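Bear in mind the structure is a predicted one, so any value in this text is a computation, not a measurement. All heavy atoms count here, side chains included; hydrogens, waters and symmetry mates do not.
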Protein chains: 2
Amino acid sequence: MEVSIARAAAQPDTPPLTERQEARRRRILHASAQLASRGGFDAVQMREVAESSQVALGTLYRYFPSKVHLLVATMQSQLEHMHGTLRKKPPSGETAAERVAETLMRAFRALQREPHLADAMVRALTFADRSVSPEVDQVSRQTTAIILDAMGLENPTPDQLSAVRVIEHTWHSALVTWLSGRASIAQVKIDIETVCRLIDLTSPRD
Amino acid sequence: MEVSIARAAAQPDTPPLTERQEARRRRILHASAQLASRGGFDAVQMREVAESSQVALGTLYRYFPSKVHLLVATMQSQLEHMHGTLRKKPPSGETAAERVAETLMRAFRALQREPHLADAMVRALTFADRSVSPEVDQVSRQTTAIILDAMGLENPTPDQLSAVRVIEHTWHSALVTWLSGRASIAQVKIDIETVCRLIDLTSPRD
DNA sequence: ATCAACTCTGAAACTTGTTCTAGATTACCG
DNA sequence: CGGTAATCTAGAACAAGTTTCAGAGTTGAT
């Protein structure tokens, strides 16, 4: 029976991966991030990823059914790493809005350090079609978790969740405009601070 | 001397197009929109666009240097049309926030009628790299104009412009999540209404 | 009307994502 | 250990975006 390895990482019901398979998966993601860091979305060429990670092209496709899947998975892994880093130094702002803005700007500065990698991941994310929905959703959940963390909320109201979604929208889209050179870093900062005001709007009492 | 026709439409300094060239350009955009309406981004194949618009492939590329350029131009032309339509029936809301939300939801419903076309245009827009910046910027300006129109503002403050940018971010990103099936129409509506509250926040006095 | 420059055409070639195949390797079960 | 199903490899093949080129057609200036 054919069982795709592709979603073994996400789906809890699929058989666990062998050690060598885990290693392959890590090698692939590493190669992907490395190539992306060099030249962005276009520099991540499937043949090169396969070669760099010492895996046959067919195998690469067995692990990640498309280039977009691969890059979204790369983003997942980077996000996890970032969430861990952010946790270590919680934001210092007084209000929830300040803390969220601070956290997002910190994340933004991290992305700035590898702009090509950011480009590849964000382009993949917004270019993803329905077949990548589960993975993109996972990224979205992770982002939501980071924002809720910064807000320090346990049980957000629907109103607050909507605000968080809007913040995420702004975050992604601002990132896109910055990456394509249509907005400055200062502008991104202002936009993030602006949208974060919504938080105060949705929780008048603390 | 070689002069690219591609940006003749946008750049005011390039020589004007012949009538036959205008006609070619229109045929191309029409074919692009038609194919996009049928099957979205993937269905817009350059060879097919060329054939449908009775133009050689090389000519198509002379007019639009890439598929993304073509689709962004398609979006420009659709947006112009929509701006005209929206102007005819101004939104009825009391507050600026209500009017903007109403306008955007109206635009959203228009896109819903041709979801494949919307998909093609939005995917192209967010996938566009730096080489398409001028064209994407033009689309952004057009969108800004629509929103400012709905607000009924002549001289927006910097604060208000930032709010408008955030609204645009939300609008694009919400559209993307809806198109990829990760958000319902109801959710898009809520998010747009949520972000529009920012308008009231930035203009305490009328 | 004529010439030079520019534009368009048709077709082939090239690039990179994706799929397919046949045969080696590996993992697991008894 | 032996057998079998799943997995991996190398490489060819295919698809669609993009580039290139030689020749035919247009255009605009003189």
| Does OP1 or OP2 of D:dC8 have a side-chain N or O of A:Gln21 closer than 4.0 Å? | yes
For residues 32-50 of chain A, which side-chain N or O atoms pair as donor and acceptor with protein atoms under 3.5 Å away, sequence neighbours left out?
residue, atom, partner, partner atom, Å
A:Ser32, OG, A:Thr74, OG1, 2.9
A:Ser37, OG, A:Ala33, O, 2.8

| task | In whole angstrom, give the distance that lies between atom CG of B:Leu35 and atom C1' of D:dA16. | result | 14 Å
| task | Figure out the CD/P separation between A:Glu22 and D:dC8, and round it to whole Å. | result | 12 Å
| When you measure from the side chain of B:Glu80 to the backbone N and O of B:Ser77, does any donor-acceptor pair fall under 3.5 Å? | no
| field | Per-nucleotide protein contact string for nucleotides 9-22 of chain C (B base, S sugar-phosphate only, - none; heavy atom under 4.0 Å) | value | BB--B--BBBB---
| request: Mind calculating the distance between CD (A:Glu51) and P (D:dT9) to the nearest angstrom? | output: 13 Å
| Atom CD of A:Gln54 with >12 non-hydrogen neighbours under 6.0 angstrom | no
| Salt bridge or not for B:Arg130 and A:Asp119, using N-O below 4.0 Å? | no
| task | Establish, with yes or no, whether the OP1 or OP2 oxygen of C:dT7 is under 4.0 angstrom from a side-chain nitrogen or oxygen of B:Arg20. | result | no
| query | Please give, in whole Å, the distance from D:dT26 C1' to B:Glu19 CD? | reply | 14 Å
| message | If we count only N and O atoms by modelled type, under 3.5 Å, do the side chains of A:Arg182 and A:Ser180 hold a donor and an acceptor together? | response | yes
| request: Any chance you could measure A:Leu29, atom CG, to A:Tyr63, atom OH, to the nearest 0.5 Å? | output: 11.0 Å
| request: Take the protein atom CZ of B:Phe127 and the nucleotide atom C1' of D:dG17, then report the distance between them rounded to whole Å. | output: 11 Å
